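Comments concern the structure below.
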Amino acid sequence: MKLITTIEEMQQAALSLKREGKSIAFVPTMGFLHEGHASLLREGRKRGDILVLSIFVNPIQFGQNEDLDRYPRNMEGDCCIADECGVDIVFTPNAPGMYPAGFQTSISVRDLSLPLCGASRPGHFDGVATVVAKLFNIVMPDVALFGRKDYQQLAVLRRMATDLNLPVQLVGMPIVREKDGLAMSSRNAYLSPAERQSALCLSGAIRKVRDLYATGTLEVADLERSARELIEAETAANIDYLEFRDGTTLESVQTAGNNTLMALAVKIGTTRLIDNTILGEEL
Ligand code: AMP
């Protein structure tokens with residue numbers, strides 16, 4: 001496994017791999033890897049001759065009062081997981097390299113970036129789209145893998161790739177959960193033991209809504225009420241949003257169907273967690 005820290009070296013490596021006719025699979029992350037990231041890497045291993053993992057805590061996707069400075073990091077642990085998953089190249093650029101003085105270009109995927117996380121984190125998806133476009137230009141992947149844990153992010157990036165004719169195939173991977181249902185996330189490391197227990201209300205609300213939907217409750221108002229009740233019973237939990245939207249356009253829906261996205265963001269203490277499900281989809 002090779003560690004590359006500069007943009008120039010990564011771009012040169014990608015160019016010579018392309019010249020050799022090698023395909024590149026790419027998994028962009030912010031590090032502090034867990035089994036969710038590993039699932040993307042394992043799938044990437046199957047889909048490309050060369051597997052590239054990037055680790056970059058992207059400052060421009062964090063708001064002013066967010067957790068950029070304390071975002072968890074563990075380079076050594078990340079390299080162990082990367083190695084186990086068969087990564088060929090770990091690319092770890094730094095912020096001044098990615099955003100040198102004078103940097104002023106931004107990619108904005110207009111409508112898909114507005115609701116849900118975009119409403120509570122203004123500018124977040126511009127930061128995501130911009131960094132992923134840059135990483136695509138540096139790593140030159142044939143296929144890139146993303147988790148559906150960040151459902152809206154994947155929708156935004158798919159739109160960007162289509163709109164800008166980017167020559168890369170985007171693959172969405174299922175949400176990996178802990179045994180008790182909590183969606184894996186680097187931010188789970190912030191939770192105290194009591195908060196870790198409270199955090200089960202996100203997956204609990206999803207389970208409840210999926211059960212109601214499976215037994216014929218289709219009115220979004222009814223589904224939403226049940227989910228909110230379950231979460232509001234948890235004193236440490238504060239709902240940021242809990243919404244039902246079309247799984248493709250992200251437009252609001254009043255009646256649930258098989259492509260309905262239930263998406264939620266909940267603060268557990270000071271930690272903001274997200275989760276989602278597509279109602280008609282088998283788990
Ligand atoms: P992050 O390091 O949080 O930016 O995540 C990097 C990639 O891993 C993104 O495509 C995420 O959607 C994906 N990911 C994070 N958590 C999970 C999870 N629990 N299951 C599947 N994919 C995940």
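Whatever order the structure lists ligands and atoms in, that order sets their numbers, starting from 1. Heavy-atom basis, side chains included; hydrogens, waters and symmetry copies ignored. Just so it is clear, the model here is predicted, and its values are computed rather than measured.
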Heavy-atom donor-acceptor pair, Ser23 side chain to Asp49 backbone, under 3.5 Å: yes
If we ignore angles and hydrogens, is there a donor and acceptor under 3.5 Å between the side chains of Thr277 and Arg210?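 There is such a pair (donor and acceptor under 3.5 Å, judged by atom type) between the side chains of Thr277 and Arg210.
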Sorted by chain and residue number, the residues with a non-hydrogen atom under 4.0 Å of ligand 1 are Pro28, Thr29, Met30, His34, Gly36, His37, Leu40, Tyr71, Phe146, Gly147, Lys149, Asp150, Gln153, Pro174, Ile175, Val176, Met184
Name the residue from Asp142, Asp88, Ile50 that meets the side chain to side chain contact (heavy atoms under 4.5 Å, CB included) definition with Lys22. Ile50
Can you list every ring-ring contact (aromatic ring centres under 6.0 Å, His included) pair that touches residues 101-151, not counting sequence neighbours? Tyr99-Phe103
Please list, chain by chain and in numerical order, all residues satisfying side-chain hydrogen bond (donor to acceptor under 3.5 Å, both in side chains) with Lys267, sequence neighbours excluded. none
Applying side-chain hydrogen bond (donor to acceptor under 3.5 Å, both in side chains) to Glu178 and not counting sequence neighbours gives none
